[in-house]
K.L.:
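Let me give you the structure first, and then I'll get to my questions.
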Amino acid sequence: MADLSSVRDLSALAYGFIASKVLFAALNGRLFDHLTDGPRPRDALADITVIAAHRMETLLTACVSIGLVERREDAFTNAPISQQYLVSSSPRYFGEYFRFQIDRHVYPLLEHLDDALRGDADDNLYAVMENATETEHFSRAQRAGSLGPAAVVKQMVDLNDATRLRDVTGGSGAFSITLCRQYVDLHATILDLPAVESVAQRHVAEADLGGRINFVAGDALKIRWPDGQDVVLQSYLLSAVSGDRFPHLMTRAYAALRPGGQILVHDFFVDDDRHGPSGAALWFVSFLFNRGAVSFMPTDITRHAETAGFVDVETRDVISGLTRLLTARKR
């Protein structure tokens, strides 16, 4: 839990959104890219970005104050963390996730949080899937946000004996691609909405895995899941649906698996005492716009898994303080 002890701590919470918008604005203006080769003075950055010098000064001062940029006499350079994660040419670039999912989709949504708490919100995080351009942006962002967890999950599971993976709401294919690269005998089927298909097929083709990963378009809650699967993966699915759908999804996963097959549930989880962690707890707030969506604990999903018939249920951290992986086996 956060230790709040003064009005200054409360003020830091209240002002926190300004720091977020500074980060997004710097990314959108490609500030970190312009500093990737070393220090540059304010006026040079103003010329490149077409941001007036006095406004650039304000932006740079804000970036320095929150640790994104460092001042070197009369010039500025990226802080090490920005050089690593906010420069678009970096192999660890995470800016697309911040720009497209957080700034473009989540941030505007939360302006209507009061409405969502009353049940009066008209929009939700996944309404963007109705627009082809926004679907592209959302999928790019989600891919950036899924590659890290997928890289961790591949080290946490043993799929050496698996040949068939059903990736339910697999989006751009980040998990399927990562797991198929790790396990050479594995073949995956991504199940997701039609709007995502072209994005997934492009990434699969770029990974040269078109012969081992295919896509089925449809609503995961409605269309048939073929049986005989070795693995059923549900990443960020439970947090996106109504809580009363959990038993249905667990039952469908159980029916789709062969005896001994595994279910992998990767998602946000709050602790069983509901004291945190804050990262997961705050993410669940954005899902309040999905009618019926609920925050959940490991014990909640363990109960649903065991009721469906799963055994050997275990939950472990993937991204500490944020996401976890629940694994279980069909009898």
K.L.:
Within the structure provided, determine whether Phe215 and Thr189 are in side-chain contact (heavy-atom separation under 4.5 Å).
P.N.:
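No, their side chains stay 4.5 Å or more apart.
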
K.L.:
Mind telling me whether Phe287 and Phe284 have parallel, tilted or perpendicular rings, with 30° and 60° as the class edges?
P.N.:
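Phe284 vs Phe287 ring planes: perpendicular.
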
K.L.:
Run through the side-chain heavy atoms of Ile, Leu, Val, Met, Phe, Trp and Tyr, join any pair under 4.5 Å, and report what else lands in Leu4's cluster.
P.N.:
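Members besides Leu4, by chain and number: Leu10, Leu13.
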
K.L.:
Walk me through whether Ile301 and Asp267 qualify under side-chain contact (heavy atoms from CB on, under 4.5 Å).
P.N.:
CA-CA 11 Å; Ile301 310 308; Asp267 219 313; over 6 Å; no

K.L.:
May I have the step-by-step check of side-chain contact (heavy atoms from CB on, under 4.5 Å) for Arg166 and Val231, ending in yes or no?
P.N.:
CA-CA 6 Å; Arg166 173 66 55 158; Val231 186; over 6 Å; no

K.L.:
Surrounding CD of Glu73 (heavy atoms of other residues, nucleotides or ligands, distance under 6.0 Å), is the total greater than 12?
P.N.:
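12 or below, so no.
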
K.L.:
Taking atom CZ of Arg329 as the centre, does the number of heavy atoms from other residues, nucleotides or ligands within less than 6.0 Å exceed 12?
P.N.:
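Yes, enclosed.
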
K.L.:
So, do Gln155 and Gln182 sit near enough that their side-chain heavy atoms are less than 4.5 Å apart?
P.N.:
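Counting from C-beta outward, Gln155 and Gln182 do come under 4.5 Å.
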
K.L.:
State yes or no: are the ring centers of Tyr85 and Phe32 separated by less than 6.0 Å?
P.N.:
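Between Tyr85 and Phe32, the centre distance exceeds or equals 6.0 Å.
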
K.L.:
Quick check: is Leu147 connected to Ile213 through a chain of hydrophobic side chains (ILVMFWY, heavy atoms under 4.5 Å apart)?
P.N.:
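Different clusters: Ile213 never reaches Leu147 through Ile, Leu, Val, Met, Phe, Trp or Tyr contacts under 4.5 Å.
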
K.L.:
Are Leu35 and Ile48 co-members of a hydrophobic cluster defined by side-chain heavy atoms under 4.5 Å apart?
P.N.:
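Per the 4.5 Å side-chain linkage, Ile48 and Leu35 are not co-clustered.
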
K.L.:
Report yes or no: do Leu233 and Ile223 belong to one cluster of Ile/Leu/Val/Met/Phe/Trp/Tyr joined by side chain heavy-atom distances under 4.5 Å?
P.N.:
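Yes, it is one cluster - the side chains of Leu233 and Ile223 are joined through contacts under 4.5 Å.
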
K.L.:
Would you mind checking if Glu57 and Arg55 are paired as a salt bridge, meaning a charged N to carboxylate O distance below 4.0 Å?
P.N.:
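Salt bridge: no.
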
K.L.:
Applying side-chain contact (heavy atoms from CB on, under 4.5 Å) to Leu23 and Leu86, what does each step give before you reach the verdict?
P.N.:
CA-CA 9 Å; Leu23 168 61; Leu86 302 179; 3.8 Å; yes

K.L.:
Are more than 12 heavy atoms from other residues, nucleotides or ligands located less than 6.0 Å from atom CG of Asp219?
P.N.:
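It does: Asp219 CG has more than 12 such atoms within range.
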
K.L.:
Before we go on, tell me: are the rings of Phe269 and Phe296 under 6.0 Å apart, centre to centre?
P.N.:
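Phe269 vs Phe296: aromatic centres under 6.0 Å.
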
K.L.:
Give me the atom names and distance for the closest heavy-atom approach of Asp227 to Ala255.
P.N.:
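Closest pair (atom of Asp227, atom of Ala255, distance): CB-O, 3.7 Å.
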
K.L.:
Could you tell me whether a side-chain N or O of Asp9 sits under 3.5 Å from a main-chain N or O of Ser6, the two making a donor and an acceptor?
P.N.:
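Side chain of Asp9 to backbone of Ser6: a pair is present.
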
K.L.:
Under the 3.5 angstrom rule, does the side chain of Ser146 hit a backbone N or O of Gln142 as a donor-acceptor pair?
P.N.:
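Answer holds: yes.
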
K.L.:
Return yes when atom CZ of Arg92 has more than 12 non-hydrogen atoms of other residues, nucleotides or ligands closer than 6.0 Å, and no otherwise.
P.N.:
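No, because the 6.0 Å sphere around CZ of Arg92 holds 12 heavy atoms or fewer from other groups.
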
K.L.:
Would you confirm whether Asp33, through its side chain, and Ser88, through its main-chain N or O, come within 3.5 Å as a donor-acceptor pair?
P.N.:
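Side chain of Asp33 to backbone of Ser88, a donor-acceptor pair under 3.5 Å: yes, one is there.
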
K.L.:
Using a 4.5 Å cut-off on heavy atoms from C-beta on, say whether the side chain of Tyr107 contacts that of Lys21.
P.N.:
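Side-chain contact under 4.5 Å: yes.
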
K.L.:
Do Pro149 and Phe175 come close enough that some side-chain heavy atom pair is under 4.5 Å?
P.N.:
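Side chain of Pro149 against side chain of Phe175, heavy atoms only: contact under 4.5 Å found.
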
K.L.:
Within the structure provided, determine whether Arg143 and Ile177 are in side-chain contact (heavy-atom separation under 4.5 Å).
P.N.:
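Result yes, sub-4.5 Å side-chain heavy-atom pair found.
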
K.L.:
Counting N and O atoms only, with roles assigned by atom type, does the side chain of Trp225 sit under 3.5 Å from a partner on the main chain of Ala220, one being a donor and the other an acceptor?
P.N.:
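Yes; judged by distance alone, with no hydrogens or angles, the pair exists.
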
K.L.:
Salt bridge check, Arg258 against Asp230: does any charged N sit closer than 4.0 Å to a carboxylate O?
P.N.:
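A salt bridge links Asp230 with Arg258.
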
K.L.:
Going by salt bridge (charged side-chain N to carboxylate O under 4.0 Å, His left out), name the pairs with one or both residues in residues 109-121, residues two or more places apart or in two chains.
P.N.:
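Found Asp115-Arg118, Arg118-Asp120.
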
K.L.:
Look at the rings of His266 and Tyr236 and say which category their plane angle falls in: under 30° parallel, 30 to 60° tilted, over 60° perpendicular.
P.N.:
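Answer is perpendicular, since the angle exceeds 60°.
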
K.L.:
Supply the atom-to-atom distance Phe289 CZ to His112 NE2, rounded to the nearest 0.5 angstrom.
P.N.:
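The CZ atom of Phe289 sits 7.5 Å away from the NE2 atom of His112.
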
K.L.:
Taking C-beta and beyond as the side chain, do Trp283 and Val106 meet within less than 4.5 Å on heavy atoms?
P.N.:
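Yes, at least one pair of side-chain atoms sits under 4.5 Å.
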
K.L.:
Measure the CZ-CG distance between Arg212 and Leu179 for me, rounded to the nearest 0.5 Å.
P.N.:
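Between Arg212 CZ and Leu179 CG, I get 10.5 Å after rounding to 0.5 Å.
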
K.L.:
Under a 3.5 Å distance rule, please check whether Lys330 uses its side chain to pair with a backbone N or O of Tyr254 as donor and acceptor.
P.N.:
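Yes, Lys330 side chain to Tyr254 backbone: donor-acceptor pair under 3.5 Å.
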
K.L.:
Distance-only, no hydrogens or angles: does the Asp317 side chain make a donor-acceptor pair with backbone N or O of Arg324 under 3.5 Å?
P.N.:
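No.
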
K.L.:
For a 4.5 angstrom cut-off between non-hydrogen side-chain atoms, does Arg99 reach Asn28?
P.N.:
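They are in contact (side-chain heavy atoms under 4.5 Å apart), so the answer is yes.
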
K.L.:
Compute whether any side-chain donor of one residue and acceptor of the other, for Asn160 and Asp185, lie under 3.5 angstrom apart.
P.N.:
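No, because no side-chain N or O of Asn160 sits under 3.5 Å from a partner of the opposite role on Asp185.
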
K.L.:
For a side chain to side chain contact (heavy atoms under 4.5 Å, CB included) with Met250, tell me which candidate from Thr307, Val232, Val265 qualifies.
P.N.:
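Running side chain to side chain contact (heavy atoms under 4.5 Å, CB included) over Thr307, Val232, Val265 with Met250 returns exactly one hit, Val265.
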
K.L.:
Can you name the nearest heavy-atom pair linking Ser172 to Val196, along with the distance?
P.N.:
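Distance-wise, the nearest heavy atoms are N-CG1, 4.1 Å.
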
K.L.:
Which heavy atom of Leu109 sits nearest to which heavy atom of Ser286, and what is that distance?
P.N.:
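Closest pair (atom of Leu109, atom of Ser286, distance): CD2-O, 4.1 Å.
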
K.L.:
Please say yes or no: joined through hydrophobic side-chain contacts below 4.5 Å, possibly via intermediate residues, are Phe310 and Leu249 part of one cluster?
P.N.:
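Same hydrophobic cluster.
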
K.L.:
Is there a donor-acceptor contact under 3.5 Å from the side chain of Arg245 to the main chain of Leu238?
P.N.:
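Not confirmed, Arg245 side chain does not pair with Leu238 backbone.
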
K.L.:
I need the Leu68 CG to Leu31 CG distance, nearest 0.5 Å.
P.N.:
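These two atoms lie 9.0 Å from each other.
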
K.L.:
With distance as the sole test, does Arg164 use its side chain to make a donor-acceptor pair with the main-chain N or O of His187 at under 3.5 Å?
P.N.:
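Checked: no pair found.
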
K.L.:
Is the closest basic N to carboxylate O distance between Asp271 and Arg274 below 4.0 Å?
P.N.:
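No salt bridge links Asp271 with Arg274.
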
K.L.:
Taking His54's backbone N and O only, do any of them form a donor-acceptor pair with Arg42's side chain (distance below 3.5 Å, no angle check)?
P.N.:
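Answer holds: no.
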
K.L.:
Working to the nearest 0.5 angstrom, can you tell me the gap between Thr327 OG1 and Glu314 CD?
P.N.:
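Taking OG1 in Thr327 and CD in Glu314, the distance rounds to 5.0 Å.
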
K.L.:
Is there a side-chain contact between Ser82 and Val87, using heavy atoms and a 4.5 Å cut-off?
P.N.:
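Side chain of Ser82 against side chain of Val87, heavy atoms only: no contact under 4.5 Å found.
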
K.L.:
Would you check, one step at a time, whether the test side-chain contact (heavy atoms from CB on, under 4.5 Å) holds for Gln234 with Thr169?
P.N.:
CA-CA 7 Å; Gln234 299 177 5; Thr169 59; 5.9 Å; no

K.L.:
For the CE atom of Met156 and the CG atom of Leu325, what is their distance to the nearest 0.5 Å?
P.N.:
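Going from CE on Met156 over to CG on Leu325, the span is 5.0 Å.
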
K.L.:
Decide whether Gln83 and Thr36 meet the rule of one side-chain donor and one side-chain acceptor closer than 3.5 Å.
P.N.:
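Yes, side-chain donor-acceptor contact under 3.5 Å.
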
K.L.:
Following the transitive rule for hydrophobic clusters with a side-chain heavy-atom cut-off under 4.5 Å over Ile, Leu, Val, Met, Phe, Trp and Tyr, establish whether Leu282 and Tyr97 coincide in one cluster.
P.N.:
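Different clusters: Leu282 never reaches Tyr97 through Ile, Leu, Val, Met, Phe, Trp or Tyr contacts under 4.5 Å.
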
K.L.:
Does Asn290 reach the main-chain N or O of Val241 with its side chain, forming a donor-acceptor pair under 3.5 Å?
P.N.:
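The answer is no, because no donor-acceptor pair under 3.5 Å joins these two groups.
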
K.L.:
Looking just at side-chain N and O atoms, do Asp167 and Ser176 make a donor-acceptor pair shorter than 3.5 Å?
P.N.:
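Yes - a donor-acceptor pair under 3.5 Å links their side chains.
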
K.L.:
Measure across Asp244 and Pro247 and return the closest heavy-atom pair with its distance rounded to 0.1 Å.
P.N.:
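What the structure gives for the nearest pair is O-CD, 3.6 Å.
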
K.L.:
Could you state the interatomic distance from OG (Ser65) to CZ (Arg71), rounded to the nearest 0.5 Å?
P.N.:
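Ser65 atom OG to Arg71 atom CZ measures 10.5 Å (nearest 0.5 Å).
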
K.L.:
For residues Val313 and Ala328, report the shortest heavy-atom separation together with the two atoms involved.
P.N.:
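For Val313 versus Ala328, the nearest heavy atoms are CG2-CB, 3.8 Å.
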
K.L.:
Taking all atoms of both residues into account, what is the closest heavy-atom pair of Leu45 and Met56, and its distance?
P.N.:
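Leu45 and Met56 have their closest heavy atoms at O-CE, 3.8 Å.
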
